[in-house]
Amino acid sequence: MRNGGIALDLTLQSGQVFHWDRREDGSWEGLADASPLRVREQDRALQVVEGDEEVARNYFALDHPLEKIYADFPTDPMSARALEVCRGMRILRQPRWECLATFITSSMKQVAHIRSMSLALRKGYGRPLAGRFCYPTPAAIASAGEGALRACGLGYRAANLLATARRVDSGAIDLDAIARLPTADLRSELTSLPGVGVKVANCVLLFAYERLDAVPIDVWIHRVLLSMRGGRSGTATQLARYARRRLGPYAGYVQQYLFHQARVSAK
DNA sequence: GGCCAGGAACGTT
DNA sequence: AACGTTCATGGC
C-alpha cells in the first residue's frame, strides 16, 4: 500500500472530527467542508464511493508520509504500543473555521457530546447539502443569539463561540491569511480569540493548519505524559517541554496515537 | 445519581 | 509565574 495507507475507522473515531457517520456496510458518510463524501476502506486503501477523489485525498491527508512519521516515532513502550494499536490512523486536513469553532465547544466535554453539539449547530444554522448539513458559517453563528446557541447544548461556551464568530465574520481576524505565520505567531493569533486557550489552539494548529508538531495537552495526554516521565507530578508548562523534547518532529501524530490508545484502554 | 469530560478566564497567592 | 474557582451540560 502506497504511503502507509489509512485505517479509516480509527481515523474517524479518534476525536479529531465529530460529524462523520458509519453505515451498516462499514462505509462512512460526511462532508469535507462543502463536498459530500462517502468513503470506505479496503485493504488499507481509501475508496471513494461517492464524491470527488481529489477532495477526499486532500481531506484524509493521504500525502502525509506515514512511513517516515513512523520511522521518527519515539521508541518508549507507551509510544510503541500506541503505534501498534493505531497504525494507519491519519491526522485529517480540516476546514479552519469548522475546526476552530468545534474545538471552542469542546472544553470540558466528552467526545460523544461534542458530536451532539456539532449536529445541533449544523441542523439549526448550517446549509442543507445532500441530506446532510454544512457547518454553519461565521456569519450564521454570529447572527444567532447566545440563547439559541445555548439551546444547542453549549452552555457557557455559547458566548465564546458567538464572540469568536463575530471576529471572524467582521474580518478582525483572517483565518486564511494567518496560515502563513510561523507556528508560534499563529498560536498567539489563535489564543487571542475568545474561548481559545493553548490547548484548543494546538488542536487547531494540528488539525487545520498542518502543524504536525503541535501537541494539544488535554487531561488524557496529561496523564500519559506524567506516566511516561515516571509518574511524578508536573505543571502544564513542564509537560509541554517534555513532549517537545521526547515526541519527535511529528509530535502531533504521536500525541494523537497516545490519546486514542489511552481512551480505548480505559474502557 | 454522582462523577467527570480533548479548558478557558479570571482572581489570589 | 504558579494555583484555585467558576462556568453548563450530558454521557456513562
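Per chain, numbering begins at 1; letters A, B, ... match sequence-line order. In what follows, every heavy atom counts, from backbone to side chain, and hydrogens, waters and symmetry copies are set aside.
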Novice: Choose from C/dT9, B/dG7, B/dG6 the nucleotide whose nearest atom is closest to any side-chain atom of A/Lys109.
Specialist: C/dT9
Novice: If each of A/Leu193 and A/Lys199 is mapped to the nucleotide of DNA chain B with the nearest heavy atom, which maps nearer the 5' terminus, i.e. the 5' end?
Specialist: A/Lys199
Novice: Could you walk me through whether A/Ser107 and A/Tyr156 pass the side chain to side chain donor-acceptor pair (under 3.5 Å) check?
Specialist: CA-CA 10 Å; A/Ser107 90; A/Tyr156 63 86; 3.2 Å; yes
Novice: Which pair of non-hydrogen atoms, one from A/Gln16 and one from A/Arg90, has the smallest distance, and what is that distance?
Specialist: NE2-O, 2.7 Å
Novice: What's the NE2-P distance between A/His113 and B/dG7, to the nearest Å?
Specialist: 14 Å
Novice: Do the side chain of A/Arg157 and the base of C/dA8 come within less than 3.5 angstrom through a donor-acceptor pair of N or O atoms?
Specialist: yes
Novice: To the nearest Å, how far apart are A/Ile91 CD1 and B/dG6 C1'?
Specialist: 13 Å
Novice: Where does DNA chain B pair, written as one dot-bracket string 5' to 3', with Watson-Crick or G-U pairs under 3.5 Å, ( ) inside the strand, [ ] for crossing pairs and | for another strand?
Specialist: .||||.|||||||
Novice: In whole Å, measure the gap between the C1' atoms of C/dC7 and B/dA5 for me.
Specialist: 14 Å
Novice: From CG of A/Leu161 over to C1' of C/dC7, roughly how many Å is that when rounded to an integer?
Specialist: 16 Å
Novice: Select from A/Asn160 and A/Phe207 the residue whose nearest nucleotide in DNA chain B is closer to the 5' end of that strand.
Specialist: A/Phe207
Novice: Output the single nucleotide from B/dG6, C/dC12, B/dG7 whose closest atom is nearest the side chain of A/Ser106.
Specialist: B/dG6
Novice: Report the distance from atom CE of A/Met108 to atom P of C/dT9, rounded to the nearest whole Å.
Specialist: 14 Å
Novice: Check every strand shown and say whether A/Gln256 touches a base, only sugar-phosphate, or nothing at a heavy-atom separation below 4.0 Å.
Specialist: base
Novice: Base, sugar-phosphate, or nothing for A/Gly15, non-hydrogen atoms under 4.0 angstrom?
Specialist: base
Novice: Quick check on DNA chain C: between A/Ser116 and A/Ser107, whose nearest nucleotide comes earlier from the 5' end?
Specialist: A/Ser107
Novice: Could you tell me whether the phosphate oxygens of B/dA5, OP1 or OP2, come under 4.0 Å of any side-chain nitrogen or oxygen in A/Arg223?
Specialist: yes
Novice: Is A/Phe259 stacked on the base of B/dG6 when the test is centres under 5.5 angstrom and planes under 30 degrees?
Specialist: yes
Novice: Any base atoms under 4.0 Å from A/Ile221, or only sugar-phosphate, or nothing? Heavy atoms, all strands.
Specialist: base
Novice: A/Tyr257 and A/Tyr250: aromatic ring centres closer than 6.0 Å?
Specialist: no
Novice: May I ask you to test the A/Arg93-A/Phe207 pair for a side-chain heavy-atom distance under 4.5 Å?
Specialist: no
Novice: Would you mind reporting whether A/His260 and A/Leu10 have side-chain heavy atoms less than 4.5 Å apart?
Specialist: yes
Novice: In this structure, how many angstroms lie between the C1' atom of B/dG6 and the CD atom of A/Gln16, rounded?
Specialist: 12 Å
Novice: How many Å lie between CG on A/Leu12 and P on B/dG6, as a whole number?
Specialist: 18 Å
Novice: Nearest whole Å is fine: how far is B/dG6 P from A/Leu190 CG?
Specialist: 22 Å
Novice: Give me the atom names and distance for the closest heavy-atom approach of A/Ala214 to A/Leu206.
Specialist: O-CD2, 3.8 Å
Novice: Between C/dT6 and B/dC4, how far is it from one C1' atom to the other, in whole Å?
Specialist: 16 Å
Novice: The side chain of A/Gln110 is closest to which nucleotide in this list: B/dA8, C/dC3, C/dG10?
Specialist: C/dG10
Novice: Identify the residue among A/Met89, A/Arg263, A/Gln261 that makes a side-chain contact (heavy atoms from CB on, under 4.5 Å) with A/Ser14.
Specialist: A/Met89
Novice: What is the distance, to the nearest angstrom, from the CG atom on A/Leu154 to the C1' atom on C/dG10?
Specialist: 13 Å
Novice: Give the nucleotide from the list C/dA8, B/dA5, C/dG11 with an atom nearest to the side chain of A/Arg150.
Specialist: C/dA8
Novice: If you measure from the C1' atom in C/dG11 to the same atom in B/dG1, how many Å do you get, rounded?
Specialist: 13 Å
Novice: If we take the P atom in both B/dG11 and C/dA8, what is their distance in whole Å?
Specialist: 16 Å
Novice: Determine the interplanar angle of the A/Trp20 and A/Phe60 rings, folded into 0 to 90°, and report it as parallel if under 30°, tilted if 30 to 60°, perpendicular if over 60°.
Specialist: perpendicular
Novice: Side-chain contact test, heavy atoms from C-beta onward, threshold under 4.5 Å: evaluate it for A/Arg44 versus A/Ile6 and give yes or no.
Specialist: no
Novice: Looking at every strand, decide which applies to A/Thr191 at a 4.0 Å heavy-atom threshold: base, sugar-phosphate, or nothing.
Specialist: nothing
